[in-house]
Amino acid sequence: MEYNFKEIESRWQKKWKEDETYRVNIDKKKPKFYVLDMFPYPSGAGLHVGHPLGYIASDIYSRFKRLHGFNVLHPMGYDSFGLPAEQYAIQTGQHPAKTTEQNINHYREQLDKIGFCYDWSREVRTCDPKYYKWTQWAFLKMFASYYDNQKNCARPIDELVAHFKEKGTNGVDAACTTQMNFTAEQWNSFSKERQEKILHNYRLAFKADTMVNWCPKLGTVLANDEVKDGLSVRGGFPVEQKRMKQWLLRVTAYAQRMLDGLEQLQWSESLKEIQRNWIGRSVGAQVFFDVEMADHSTRKLEIFTTRPDTIFGVTFMVIAPEHKWIHELTTNEQREEVEKYIEQTKKRSERERLSETKRVSGVFTGAYATNPFTGKKIPVYASDYVLIGYGTGAIMAVPAHDSRDYAFARHFSLEIVPVVEGGNLEESSYDAKEGKMINSGFLTGKDVQQAIKEMFAEVERRGLGKQLVNYRLRDAIFSRQRYWGEPFPIRYDGEIAVPMDEKNLPLELPEVSEFKPTQNGEPPLARVEGWKYETSTMPGFAGSSAYFLRYMDPSNEDCLVGKEANQYWRNVDLYIGGIEHATGHLMYSRFWNMFLYDLGYVCENEPFRKLVNQGMIQGRSNFVYRVVGTNKFVSLGLKSQYETQEIHVDVNIVKNDILNTEAFRKWRPEFENAEFILENGQYICGWAIEKMSKSMYNVVNPDYIVNEYGADTLRMYEMFLGPLEQSKPWDTNGIDGVHKFIRRFWRLFYGKTGEWAVNDERATDAELKILHKTIKKVGEDIENFSFNTSVAAFMICINTLGECHKREILEPLCIILSPYIPHVCEEVWHAMGHEDSICDAKFPLYNEKYLQEDSFEYPVMVNGKLRFKQTYPLNASVKDIEQDIVLKPEAQRWLEGAAPKKIIIVPKKIINIVK
RNA sequence: GCCCAGGUGGCGGAAUCGGUAGACGCGCUGGUCUCAAACACCAGUAGGUUCACCCCUGUGCCGGUUCGACCCCGGCCCUGGGUACCA
């Protein structure tokens, strides 16, 4: 029988579906293992070969774990709310629900062809009301919660209200936007509106007036991780800063816990580092400086510094142009100039600010502060190098030891006083945190690190401020002025946000007449007549923040996830996906999960135990070279003889860089009469590694590979391409090698003639040796995610076995190969007489006995150089070997240096010296 | 600027513990089969020198430790990623 992958693959895919081979249920007799892929956003372009890379790896790992007796949860779904479907809807008028549905069907078709072992009965779609009911539910819970810093967890907001009624803010230590102070009497006398407004300062989902990233082109606000270099990540449109009232999630309350939690996780160091930087913890001092206002009253200006040791060197202060005191600080003489500066900075977009970071600008406010340690009067400036969003929006400037303050001082000719020894202040500031203190009163002569400690204490002793931790992390902006997202289950009673009763969830997304914003710039939901709810919708990350929990219990109508299911499946053991979600999804879902953990709805604090980032697959573009002004195309090797123009050619009509000239003529009408200047009868194309994109004609569709070579070849080849975590170009040049391997494997069962060839003869020691070596190597490689080297091990195994048709060898080989090439293995497994699916076989154990060598190689001197060439039987003594060594000086040194007391003979590594 | 990861043949990449560098695959060269081609199979393939054996050089660069270094240490160069007037 010939290896007919088309017939085999479609037959088994159908059978697996009918038998529900991959359906999984709670089974307390077996240990659980949860393997998850980041679910895809179903875009109109369909899957390309980059998508399945991670899916194939997780599929292999899932099958591998199942063969080891684990009850493996391996689900898949769709992140189906989002901008592209809506942009498309605006352009074409097609309902996003419709295009999303079409795209999902297309994705499913493509996924099915690759033979994944997903339990599709657990599929979730974030745009399905049955699913987003629980997104809305979690939002309501956040709305009804605050964060208690003492207990270090989220608590019902009712507890806080009760506390306010009795004691006011006295004894409250809660995460909030601004510190508040009021008594119980005051609280009880406040109007309902005022009380509600105060509570928003504490709620974990709250509404606030904040600076947001506004994208006019998309007509919506965006979260920080959705903006890069002043442009929207989706679409690449300019983003500006704007003050707006928005829903936010208080993720900052969890900053420290998210930071600490990283320690326990098996994530790559680089990914943890990205999250650490994003959280951006810095320990410093809050210090109040006396400042004289324009009306001659004195106020205390709060700043944050990580260098309290340098306070003696503070010669001026700077506040952000958006600082709330700026008008009260500015003197009449300076008013005009300051107003002008404020206007200027407002106009400068975020992008300009980023691109002109070296430019120094600012203005004197006319106000003076007092340096609490030197007692000197120091001027207060306003400048946009101080950001309103970080710290307090005001700084103490130490030009001698901060490069930005230095540049500013130079520009405005301000005093520069060195307080740490070192550097050359004529050229630049000395920023390093090492050296001896000078000009610093009681700190003079001390080491910088020591001075920092003493200054913290001194600041607190004098009541000037205290030690404080600051985070770079911002609260997440949670509303989008868009249609295709989860509606907020919130209606308004005047200004007061009233949550919907959770019993009435979901609040379904209504139909709208148009998907565009309204005339006066309101979100599309404002078009709906009688819609009394919030008109913005939730952002893309809302639906993906808890989907991994829903898979555990996808059809439960009473809760997000039932207790029993959650207790059994707990959290994700292995999560595979792209690194691009480091500061978005992977932050939000940790926050979301921790919140649900605090409230007792889930039993694990961290959602993803181990995480692997698969690399990006880049495209390998091909070029043809047109002789300028003609319709002649010259092969790569001869192009230097002509003046040519490089043209991208569809990689699907190129094989091993050789152009299919017939297909090229048919590719586009203008090439119909193309002529070719060949070398050795072939047209050789040029190539380059670029991003995989439609416009470069380098997109390779997995369907194409599946048709040409079969799913098994695609699966194995994607793994053979290189290390999983590394970005690499898609290159079909090597695919024949893998396909050849599978055909060779097939021939072990069906022989050269195609007749069934498996027999019951006993295997030889040599055969068993190669089998057991392979079992060991492959098992270890899959555990370590070294899929590429395990494929190599399979190839060596088949090459070494030669014509071996023995069942004793082939059965275990079939099992260990089945995670990679499930269709072929299932086929021959059944041909060997097995009834059950190979998925339920047992992964064979290797036997140490067969791994030992019967001889070993020992270093021998040849012409004065050490060589590892002489082979000895296993039982050779050290003396035997030493007699053979030509004792040249190098060999002597080798023996002396190694000072062997005992030489242990290890088969693989030849020798191992024990001192 | 700071932080992280990496640099090995014509190409993708191996070398899991400091012990024969280049596994495995692609490509290329030669051969077998064939009227011929394709497929398949066999052999060779880091570079230099050589008929060949030998020998010499070789894991980004310079230096160090060691009997021995792709691997450890110090300094530099380059590539990729993250982040940024973050006080």
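Every heavy atom of this structure was used, including side-chain atoms; hydrogens, water molecules and symmetry mates were not. A, B, ... follow the sequence lines: proteins, then strands. Residue 1 opens every chain.
Checked against salt bridge (charged side-chain N to carboxylate O under 4.0 Å, His left out), A/Glu783 has the following partners two or more places apart in sequence or in another chain: A/Lys65. Under the side-chain hydrogen bond (donor to acceptor under 3.5 Å, both in side chains) criterion, A/Asp405 pairs with A/Tyr385, sequence neighbours left out. For A/Asp431, there are no salt bridge (charged side-chain N to carboxylate O under 4.0 Å, His left out) partners at least two apart in sequence or on another chain. Judged as a salt bridge (charged side-chain N to carboxylate O under 4.0 Å, His left out), and not counting sequence neighbours, A/Lys466 has no contacts. Judged as a salt bridge (charged side-chain N to carboxylate O under 4.0 Å, His left out), and not counting sequence neighbours, A/Arg743 has no contacts.
Distance check on atom C1': B/G30 versus B/G81 gives 45 Å, rounded to whole Å. A gap of 29 Å separates the C1' atoms of B/G63 and B/A14, to the nearest Å. If you take atom C1' in B/G7 and the same atom in B/C76, they sit 14 Å apart, rounded to whole Å. Rounded to whole Å, the separation between the P atoms of B/A69 and B/G58 comes to 11 Å. The P atoms of B/C55 and B/C3 are separated by 47 Å, rounded to the nearest whole Å. The P atoms of B/G31 and B/G12 are separated by 30 Å, rounded to the nearest whole Å. B/G60 and B/C77: their C1' atoms are spaced 7 Å apart (whole Å). When the P atom is compared between B/A15 and B/U20, the two are found 14 Å apart, to the nearest whole Å.
Using a 4.0 Å cut-off, some side-chain N or O of A/Arg472 falls inside it from OP1 or OP2 of B/A84. Taking side-chain N and O atoms only, A/Arg276 has no distance below 4.0 Å to OP1 or OP2 of B/U83. Using a 4.0 Å cut-off, some side-chain N or O of A/Gln726 falls inside it from OP1 or OP2 of B/G13. The side chain of A/Arg404 places an N or O atom within less than 4.0 Å of a non-bridging phosphate oxygen (OP1 or OP2) of B/C86. Taking only side-chain nitrogens and oxygens, A/Lys740 comes nearer than 4.0 Å to OP1 or OP2 of B/C26.
A/Ile395 comes within 4.0 angstrom of a nucleotide base, judged by non-hydrogen atoms across all strands. Contacts of A/Arg744 with the nucleic acid, taken as non-hydrogen atoms under 4.0 Å apart, involve only primed sugar atoms and P, OP1 or OP2. Across all strands shown, A/Asn788 has heavy atoms under 4.0 Å from sugar-phosphate atoms exclusively, and none from any base. Among the protein residues, A/Arg747 comes within range of the sugar-phosphate backbone only, with heavy atoms under 4.0 Å from sugar or phosphate atoms but none that close to a base.
Here salt bridge (charged side-chain N to carboxylate O under 4.0 Å, His left out) pairs that include residues 307-320 of chain A, with residues two or more places apart or in two chains, are A/Arg307-A/Asp309. For residues 391-400 of chain A, no pair satisfies salt bridge (charged side-chain N to carboxylate O under 4.0 Å, His left out), with sequence neighbours left out.
Mapping A/Thr392 and A/Ser727 onto RNA chain B by nearest heavy atom places A/Ser727 at the nucleotide closer to the 5' end. Each of A/Ala394 and A/Thr583 was matched to the nucleotide of RNA chain B holding its nearest heavy atom; the match closer to the 5' end belongs to A/Thr583.
Within residues 789-800 of chain A, the residues approaching RNA chain B are A/Thr789, A/Ala792, A/Met795, A/Ile796, A/Asn799, by heavy-atom distance under 4.0 Å.
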Protein-nucleotides 7-9 of chain B N/O pairs closer than 3.5 Å?
none

With the criterion being N/O to N/O and under 3.5 Å, what pairs connect the protein with nucleotides 2-5 of chain B, and how long is each?
from	atom 1	to	atom 2	distance (Å)
B/C3	O2'	A/Glu273	OE2	3.1

Evaluation steps, side chain to side chain donor-acceptor pair (under 3.5 Å), between A/Asp475 and A/Thr252: CA-CA 6 Å; A/Asp475 286 329; A/Thr252 50; 2.6 Å; yes
For residues 796-805 of chain A, run the donor-acceptor check on the side chains, cut-off 3.5 Å, and write out each pair with its distance to 0.1 Å, sequence neighbours left out.
from	atom 1	to	atom 2	distance (Å)
A/Asn799	OD1	A/Arg744	NH1	2.2
A/Asn799	ND2	A/Met795	O	3.4
A/Thr800	OG1	A/Ile796	O	2.4
A/Glu803	OE1	A/His805	NE2	3.4
A/His805	ND1	A/Leu748	O	2.6

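Counting only distance, with no hydrogens or angles, the side chain of A/Lys728 and the backbone of A/Pro723 share a donor-acceptor pair below 3.5 Å. Between the side chain of A/Tyr820 and the backbone N or O of A/Ser790 there is no donor-acceptor pair closer than 3.5 Å.
By the 6.0 Å contact criterion, CD on A/Glu2 is open, its count of non-hydrogen atoms from other residues, nucleotides or ligands being 12 or less.
The aromatic rings of A/His585 and A/His581 stand perpendicular to each other, their planes meeting at an angle above 60°, with 30° marking the opposite boundary. In this structure, A/Phe412 and A/Phe408 have tilted ring planes: the angle between them lies in the 30° to 60° band.
A/His739 and A/Thr713 share a donor-acceptor pair across their side chains, judged by distance under 3.5 Å alone.
Among the duplex regions that RNA chain B forms, those built from at least three successive Watson-Crick or G-U pairs under 3.5 Å are B:1-7 with B:77-83, B:10-12 with B:24-26, B:27-32 with B:40-45, B:46-48 with B:55-57, B:60-64 with B:72-76, ordered by first number.
Whole-Å rounding puts the A/Ile735 CD1 to B/G13 P distance at 16 Å.
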